[in-house]
Structure formats: structure tokens, C-alpha cells
Amino acid sequence: MAMRHWTGRLTSLRQVILHKQESYLVKKRFLHGRGSGRGKSRDTPNLIMEDKPVVDAHSLHKPVMVEEVLSFFAPQANQVYIDMTFGGGGHTQALMKCAPGITVYGLDRDPFAHQIAQKLSLHHKGQLCPLLGKFSEVKDLLSQREVSMVDGILIDAGCSSFQFDSPERGFALSQDGPLDMRMDANRIPSQPTAADVVNSLDHVTLTQILRTYGEESNAKKIAQAIIDYRTNFNTFSSTSELATVIACCHTHRDAKSNRDKLGRHAHTATKTFQALRIFVNNELNELAVAVEAAWDLMRPGGKLAVLTFHSLEDRVVKRSLQGRHVAERGTSLRQKRVESHKDNGAQKWEVVKRNELCADDEEINMNPRARSAKLRTAIAVNKFSSCISSDIQQILQKEGGQSQTYVQSTLHTRALLGEVLLLSLSN
Ligand SMILES: C[S@@+](CC[C@H](N)C(=O)[O-])C[C@H]1O[C@@H](n2cnc3c(N)ncnc32)[C@H](O)[C@@H]1O
């Protein structure tokens, strides 16, 4: 099934869930006489004790392809970067060491990662500026700090190891915990948890989520098992409860032959957990927004590096860099040529290497997670003067001596990039 259909539908479904979730919680309160379900396990714990020093970043999350990322950025003294996925701060710390006076804005939606960034910033006064928020909030967060342009941006998609390693966050299959999976923890109280999703959605919708975001071939069967369990027994509240129900949908042979991308034995619920995590955190839409925001925040010629860990993420990044809609259906080669010719003037990114880079064997041996990493790099082009489309350039040439007001009004009536042109004229 094409991505366009499901992705579009699923985005609006997130809104629907917020409503459904309310009625589900009311029912739950009525049946069990309990609170809203947003109890103890959902409170954001104070994850870093005040009196403990910041732990070594590598013990929280081993950063991937650091050398490749740095050699692409080739950081110079006093440059400004955004690490859109601060995590344990491994990439940020490596960047700050590259040249004197480098400033990094370290964004993460996870309050725990933000606490790490805050602690680390005490040791790098003025060099590391922690930001708490999502990709979709980065432009606002930076404009509050009057930052409008940077030299480079890193996006290292997915989860940090400490998220998977904390059972209370509900990401892990290996350890029991509340079925949560919100990267934001309790930061946005209205955000549905994975439990809210499996406890409130119907069969068709659950199937779509598992198929689209988990690429799960047993999606229909698993969705039915979830509904049956809910109807006959109870609502889901823990990761082990869900994993057990999913395991029952697979034959013994399925379970034995199930392998992850690293060739390791994988639990039969792995794909369902991935799907729920992506859906709960709106990860693919956020990633597309991140690439868009990166271009807006980049100085002309600024550099973007994106690390992804599965094909869905990589597809979103590849398409975003090509200026194609992430949910677009497959396009024929001929059509692509026509479109690339047509859109030449508006292309935003010059992709540095056509094919993505992968980690080398040495790194994979030391960090198995690196095996599925793909690095895509691109340079922001067509910013300011070069982004003026060719017909506007002709007007400018013809009207060489005309006033700025004339050019402005021409642009206005044509509704073409007026703001950007003004900037180019004033520079
Ligand atoms: C793979 S880890 C980054 C690890 C980091 N590069 C390091 O060296 O430790 C991804 C991080 O990005 C954060 N993240 C994922 N999606 C995000 C989003 N939409 N907005 C902000 N942060 C996000 C996660 O919370 C997680 O901590």
C-alpha cells in the first residue's frame, strides 16, 4: 500500500486519538475507580540526581559515524551548529572539540536528554546552548534566542540508547515497563502513549499503523489479537502484556526464524513496537519537517548531515532532499527527469554523494547499532540571491536601474519569494 494514503490518514488519526483517548480514560476511571492512568509511572522522573556529575556521554549513547560526520562538516573556528538530536551529547561534544569557539545549539524533545545538555553546558559556558523541544519547534526556539542562520545541522534520527535501556519509558521489549514510548516523557500531557493507542483504536486503524510504520506482514492478525484481548480480558498497560499477546499470533517456526537487520534473533513483537513508537512520536512527519526547517535555518552553503536507521526514515530524508513530497508515490524515471528539469531553479539541496554512506566494519564490530546507520549529506543551495527563479532574474536584469519598490511590487503580485529577495537585495 502506498505511503501517501496511510501517512496522510494517520496524521489526522493522531488528532482523532486525542478525542478517543479521552472517552477511553473516562471509561477506565468508571470501571476501575482509578485515576486517569497518568499516574506514577508517567511522571517524569528526576533522571539526573543533582549531586551526581554528568555521566560519560558514551555510556548513555554511543554516537554513530562520528568521523564521517565531522569530516563532512570540516568545522572551522567560531562556527555555529545545531545538533537537532542531542541525545547523550556524543556528536555535540565531538563537534565542540574540533575547533575553538564553536557554538552548538543542542535540541532534544526528551527532558532527560535536555538535563544532560544542561549539565554539560555548565562545562562549556556559552558554547553549548540546550534547547528542549521537537524538530517542529526548533525555528521558534532559535528565534527566541535571535538565531536565524547557522553553518551546519546534524540530525541523528531515532532513539537514544538510554530511552531503550530505561524500562519505565516503555520502549523496550526486553524489560517490562508501562506501555508508554513517548520521547517527550510527560512534557506534553495531551500526547497519547502507546497504551492509549492500542487501547482505543479500531482494527482497521491498528492494522494500518502496524503495516505502515512496522512493515509488519502479520498486521491484520496482530490487530485482531489486540482487539480480542481488549474485549475479553483487559486494557493493555505493560510492554510484556502486549509482547505476550503478539507472540501468540506467530507460529513457533515464525518465532524461531524471526531475525532483525543485524541477523540477530528478534522478538516477534519488534515490528509492532517500532510501529507504535513511530506513531506515538509522529517520527516520520517530524523528520520531514526537520529537513525543511534545516534549510530555512542554514546560511547559504551550510551543511546538513542526517543519520537514519531504517528504510522508512531514509526514504523520508532522501525524498525531502530531492524536494519531493515524502508521501509521494513512486515516480517513473522519465517523470523524475522532467520534474528535476522543471524545478531546477527551486532546488534547495545539493546532495553531496548520490548514495548514502555506511559505517565501516571496525565501527560495526564495536557498536552493532552502527550496522543499520545511513549517512546522507547535503549543502543548502539557492538561498538568497541564487534562489531567485530565472524569470525574476530576467526582470531584475531588464529593470536593472529600477527601484527596489518596483521589484518588490512585481514580486508581490507574482507571489514569489518576496521576503527572500528583499534580503538578497539588502546584502
Ligand atoms: C539517535 S539519538 C541521538 C544521539 C546523539 N547523536 C548522541 O551522540 O548521543 C536521537 C535523539 O533524538 C531525539 N529526537 C528524536 N526525534 C526528535 C524530534 N522530533 N525532536 C527533537 N528530538 C528528537 C531523541 O529523543 C533522541 O534522544
Side-chain angles (χ1 to χ4, degrees), residues 11 14 44 47 54-70 73 81-97 104-120 128 130-142 152-166 169-171 180-188 191 213 274 277-294 297 305-310 312-314 316-317 320 359 363 367 369-370 372-375:
T11 308
R14 288 176 51 79
T44 310
L47 295 148
V54 172
V55 208
D56 165 28
H58 286 237
S59 69
L60 292 161
H61 178 94
K62 230 183 236 165
V64 163
M65 298 184 75
V66 178
E67 266 178 44
E68 291 84 347
V69 168
L70 294 182
F73 281 144
Y81 286 85
I82 308 173
D83 182 347
M84 295 257 246
T85 46
F86 180 84
H91 284 106
T92 289
Q93 292 194 69
L95 255 175
M96 289 190 300
K97 276 188 207 147
V104 181
Y105 288 87
L107 175 86
D108 207 294
R109 67 196 289 177
D110 187 321
F112 178 50
H114 186 62
Q115 283 184 44
I116 301 169
Q118 282 176 319
K119 282 260 169 178
L120 201 62
L128 170 58
L131 303 172
L132 176 62
K134 296 190 270 187
F135 300 153
S136 46
E137 294 163 323
V138 70
K139 287 206 287 185
D140 285 345
L141 289 168
L142 286 168
I153 296 179
L154 170 67
I155 303 170
D156 177 11
C159 281
S160 288
S161 305
F162 56 75
Q163 291 167 330
F164 284 122
D165 294 343
S166 314
R169 302 294 300 270
F171 289 98
D180 191 323
M181 301 195 193
R182 293 167 306 161
M183 288 184 187
D184 304 87
N186 239 10
R187 201 169 67 81
I188 308 167
Q191 188 187 356
Y213 295 142
Q274 174 188 300
R277 191 200 89 202
I278 294 177
F279 184 72
V280 164
N281 296 294
N282 200 12
E283 286 181 38
L284 300 183
N285 291 314
E286 276 283 322
L287 191 54
V289 169
V291 177
E292 229 177 276
L297 290 164
V306 191
L307 282 160
T308 59
F309 292 85
H310 56 76
L312 294 173
E313 286 173 348
D314 186 52
V316 168
V317 174
S320 301
E363 177 167 7
N367 181 8
R369 194 176 156 269
S372 36
K374 283 183 180 162
L375 174 64

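Just so you know, ligand 1 is whichever comes first in the structure, and atom 1 is the first atom listed for that ligand.
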Enquirer: Between S160 and ligand 1, does any nitrogen or oxygen pair lie at a separation below 3.5 Å?
Expert: yes

Enquirer: Do any N or O atoms from the side chain of E363 and from the backbone of M65 form a donor-acceptor pair under 3.5 angstrom?
Expert: yes

Enquirer: Using modelled atom types and a 3.5 Å cut-off, is there a donor and acceptor pairing between side-chain atoms of N281 and backbone atoms of M181?
Expert: yes

Enquirer: Which residue from D108, L284, N285, L60 reaches closest to atom 25 (O) of ligand 1 through any of its heavy atoms?
Expert: D108

Enquirer: Is there a donor-acceptor contact under 3.5 Å from the side chain of R187 to the main chain of P111?
Expert: no

Enquirer: State, with a plain yes or no, whether a side-chain heavy atom of I188 is found less than 4.5 Å away from one of K134.
Expert: yes

Enquirer: If we set the cut-off at 4.0 Å for heavy atoms, which region of E283 has an atom near ligand 1: side chain, backbone, both, or neither?
Expert: neither

Enquirer: Would you mind running through ligand 1 and noting each atom that sits below 4.0 Å from a heavy atom of G88?
Expert: 7 (C), 9 (O)

Enquirer: May I ask whether R369 has any heavy atom positioned less than 4.0 angstrom from an atom of ligand 1?
Expert: yes

Enquirer: Should the proximity of M183 to ligand 1, defined as any heavy atom under 4.0 Å, be assigned to the side chain, the backbone, both, or neither?
Expert: side chain

Enquirer: So, the side chain of E313 versus the backbone of T308: is there a donor-acceptor pair under 3.5 Å, distance only?
Expert: no

Enquirer: Just jot down the ligand 1 atoms closer than 4.0 angstrom to any heavy atom of D110, in number order.
Expert: 25 (O)

Enquirer: For the backbone of G106 and the side chain of D83, can you confirm whether one donor and one acceptor N or O come within less than 3.5 Å of each other?
Expert: no

Enquirer: Using a 3.5 Å distance criterion without hydrogens, assess whether the side chain of H91 forms a donor-acceptor pair with backbone atoms of V64.
Expert: yes

Enquirer: What atoms of ligand 1 come within less than 4.0 Å of a heavy atom belonging to F86?
Expert: 5 (C), 7 (C), 9 (O)

Enquirer: Using distance alone, determine whether F309 and ligand 1 share an N or O pair under 3.5 Å.
Expert: no

Enquirer: Restricting to side chain to side chain donor-acceptor pair (under 3.5 Å), what partner residues turn up for K139, sequence neighbours left out?
Expert: D296

Enquirer: Report the part of E286 (side chain from C-beta onward, or backbone N, CA, C, O) that has a heavy atom under 4.0 Å from ligand 1; answer both or neither where that applies.
Expert: side chain

Enquirer: Less than 3.5 Å apart, any donor N or O on the side chain of E292 or S320 sitting next to an acceptor on the other?
Expert: no

Enquirer: Between ligand 1 and Q163, can you find any atom pair, the residue atom being a heavy atom, that is separated by under 4.0 Å?
Expert: yes

Enquirer: Answer yes or no: does an N/O atom from P63 fall short of 3.5 Å to an N/O atom of ligand 1?
Expert: no

Enquirer: Could you tell me, atom by atom, which parts of ligand 1 come under 4.0 Å of a heavy atom of D156?
Expert: 1 (C), 2 (S), 3 (C), 4 (C), 5 (C), 6 (N), 10 (C)

Enquirer: Under the side chain to side chain donor-acceptor pair (under 3.5 Å) test, which residues partner E68, sequence neighbours left out?
Expert: none

Enquirer: Please say whether the positively charged group of R277, taken as NZ for Lys or CZ for Arg, lies over the ring of F171, i.e. under 6.0 angstrom from the six-membered ring centre and within 45 degrees of the axis.
Expert: no

Enquirer: Relative to ligand 1, is A157 under 4.0 angstrom through side chain, backbone, both or neither, heavy atoms considered?
Expert: backbone

Enquirer: Go through ligand 1 atom by atom and flag the ones less than 4.0 Å from a non-hydrogen atom of C159.
Expert: 1 (C), 2 (S)

Enquirer: Heavy atoms only, cut-off 4.0 Å: how does R182 contact ligand 1, side chain, backbone, both, or neither?
Expert: neither

Enquirer: Enumerate the atoms of ligand 1 whose separation from the nearest heavy atom of T85 is less than 4.0 angstrom.
Expert: 3 (C), 4 (C), 5 (C), 6 (N), 10 (C), 11 (C), 12 (O)

Enquirer: Could you tell me which atoms of ligand 1, counted from 1 in the order shown, lie closer than 4.0 angstrom to a heavy atom of G158?
Expert: 10 (C), 11 (C), 12 (O), 15 (C), 24 (C), 26 (C)

Enquirer: How does S136 reach ligand 1, if at all, at less than 4.0 Å between non-hydrogen atoms: by side chain, backbone, both, or neither?
Expert: neither

Enquirer: G133 heavy atoms, cut-off 4.0 Å: which ligand 1 atoms fall inside?
Expert: 20 (N), 21 (C)

Enquirer: Going by heavy atoms in the side chains, are F86 and I116 under 4.5 Å from each other?
Expert: yes

